[in-house]
Amino acid sequence: MKMPKWSFLVFVLLGFISTVADSMRFDLQSGATKCISDDIKTNAMTVGKYSVVNLNEGFPIPDSHKLTVRVSSPHGNTYHNADHVESGHFAFTAAESGDYTTCFWAPEQKPLGSVTVEFDWRSGVSSKDWSKVAKKGQVEVMELELKKLYDTVISIHDEMFYLREREEEMQKLNRSTNAKMATFSLLSLGVCLSVASLQLWHLKTFFERKKLL
């Protein structure tokens with residue numbers, strides 16, 4: 001069966017998106033904290049490295065420009081913690097799905113200044129160093145590309161199941177919310193009918209007492 005041209009283009013686009021890495025450079029004010037999050041699914045490998053940019057080449061980075069770095073999971077588990085460092089790296093396999101957060105803290109200094117940080121964070125297929133795989137296995141270029149495509153397909157497959165699970169969770173939440181709203185509406189209707197009945201009974205007894213009925 002021949003794959004339609006548009007399906008192949010979508011497949012290639014998804015493969016490209018799944019291999020994008022988060023590489024950035026940002027300025028951090030002294031005494032401030034900057035946190036960066038990445039949505040990582042269970043059993044996905046993630047690697048990261050960071051370093052303070054030395055604006056004065058040839059001179060060591062001063063202590064006032066060294067950072068405190070902490071990587072934590074959605075449930076608050078710490079995967080990496082470093083104090084007073086100018087560079088570092090981390091690597092782990094996610095044990096739970098959700099937003100993993102990397103926080104950088106710059107110490108206070110007077111006068112106030114800023115620290116420039118380079119941060120490279122990769123997860124999933126993009127976390128693999130394919131040049132090392134090729135060198136170690138002595139594989140041909142075509143075989144290497146096939147391995148990369150295979151891992152990309154597996155990553156897309158896992159992502160589809162992850163999204164399906166999230167969709168099922170949202171549907172369960174919607175059904176639960178609708179059931180609660182229906183129960184609340186019935187209770188509200190019951191209360192309104194009860195209040196109306198009491199009002200009618202009160203008016204009837206009032207008119208009977210006044211001998212108007």
Side-chain angles (χ1 to χ4, degrees), residues 10-29 31-53 66-107 115-133 147-181 184:
V10 171
F11 173 79
V12 172
L13 180 61
L14 288 174
F16 173 77
I17 293 174
S18 65
T19 59
V20 173
D22 293 329
S23 181
M24 65 192 76
R25 174 182 285 200
F26 58 88
D27 292 330
L28 182 61
Q29 299 296 323
T33 302
K34 182 177 181 64
C35 294
I36 300 168
S37 297
D38 189 14
D39 187 11
I40 304 175
K41 57 181 179 294
T42 307
N43 296 325
M45 183 179 180
T46 182
V47 295
K49 59 181 179 179
Y50 53 88
S51 61
V52 176
V53 178
K66 294 184 178 180
L67 306 173
T68 295
V69 185
R70 183 173 182 267
V71 182
S72 57
S73 72
H75 294 162
N77 298 318
T78 300
Y79 280 83
H80 176 75
N81 194 8
D83 292 324
H84 204 62
V85 295
E86 60 184 65
S87 63
H89 64 276
F90 57 85
F92 59 87
T93 300
E96 54 199 73
S97 296
D99 289 333
Y100 285 73
T101 306
T102 302
C103 290
F104 300 86
W105 178 79
V115 179
T116 303
V117 182
E118 281 190 350
F119 183 40
D120 187 7
W121 196 357
R122 304 168 184 262
S123 59
V125 177
S126 61
S127 66
K128 295 186 177 181
D129 190 341
W130 288 103
S131 61
K132 291 183 179 179
V133 174
K147 286 175 66 66
K148 292 169 68 175
L149 286 175
Y150 174 77
D151 269 25
T152 301
V153 170
I154 295 297
S155 177
I156 295 174
H157 180 266
D158 293 342
E159 186 69 22
M160 290 176 62
F161 274 96
Y162 173 69
L163 292 175
R164 183 180 298 176
E165 291 176 358
R166 294 291 293 270
E167 183 181 1
E168 291 177 354
E169 292 177 359
M170 291 299 297
Q171 290 178 352
K172 290 180 180 178
L173 179 61
N174 288 336
R175 286 194 292 268
S176 176
T177 303
N178 291 335
K180 291 178 180 178
M181 289 299 297
F184 179 75

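- In terms of heavy atoms, S97 sits closest to P74 at O-CG, 3.7 Å.
- Ring geometry, F104 versus Y50: the interplanar angle exceeds 60°, so the pair is classed perpendicular (tilted spans 30 to 60°).
- T101 pairs in a side chain to side chain donor-acceptor pair (under 3.5 Å) with only one of the listed residues (S37, S73, S72), which is S37.
- Atom CG of residue L173 and atom CG of residue N178 lie 9.5 Å apart, to the nearest 0.5 angstrom.
- Judged by distance alone, with hydrogens and angles left aside, the side-chain atoms of S155 form no donor-acceptor pair with the main-chain N or O of D151 at under 3.5 Å.
- Considering CZ of F184 and NZ of K180, their distance stands at 13.0 Å, rounded to 0.5 Å.
- Contact between T42 and A95 at its shortest, heavy atoms only, is CG2-O, 3.9 Å.
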In sequence, state the C-alpha distance, the side-chain angles, and the governing distance for R70 and C35, and then conclude on side-chain contact (heavy atoms from CB on, under 4.5 Å). CA-CA 9 Å; R70 183 173 182 267; C35 294; over 6 Å; no
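- In this structure, N43 and D158 have side chains that are not in contact, with every pair of non-hydrogen atoms separated by 4.5 Å or more.
- Within 6.0 Å of atom NZ in K66, more than 12 heavy atoms from other residues, nucleotides or ligands are found, so the atom counts as buried in its surroundings.
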Evaluation steps, side-chain hydrogen bond (donor to acceptor under 3.5 Å, both in side chains), between T116 and R25: CA-CA 7 Å; T116 303; R25 174 182 285 200; over 6 Å; no
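- Proximity of a side-chain donor or acceptor of S123 to a complementary backbone N or O of M45 within less than 3.5 Å is not detected.
- Proximity of the aromatic rings of Y100 and F92 is defined here by a centroid distance below 6.0 angstrom, and this criterion is met.
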Quick one: do E96 and N77 satisfy side-chain contact (heavy atoms from CB on, under 4.5 Å)? Show the steps, please. CA-CA 10 Å; E96 54 199 73; N77 298 318; 3.4 Å; yes
side-chain contact (heavy atoms from CB on, under 4.5 Å) assessment of F119 paired with V69: CA-CA 11 Å; F119 183 40; V69 185; over 6 Å; no
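- Distance check, rounded to the nearest 0.5 Å: CG of L163 to CE of M170 gives 12.5 Å.
- Atom CD of E167 and atom CG of N174 lie 10.5 Å apart (nearest 0.5 Å).
- Here the side chains of E169 and K172 are not in contact, with every heavy-atom distance at 4.5 Å or above.
- For the residue pair A106 and Q29, the shortest heavy atom distance occurs at CB-O, 3.7 Å.
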Take T46 and V71 through the side-chain contact (heavy atoms from CB on, under 4.5 Å) test and state the conclusion after the steps. CA-CA 11 Å; T46 182; V71 182; over 6 Å; no
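- Across V47 and W121, no two heavy atoms sit closer than the pair O-CD1, 3.3 Å.
- Looking only at side-chain heavy atoms (C-beta outward), K34 and V117 stay at 4.5 Å or farther from each other.
- The residue from E165, R166, E159 that alone fulfils the side chain to side chain donor-acceptor pair (under 3.5 Å) condition with Y162 is R166.
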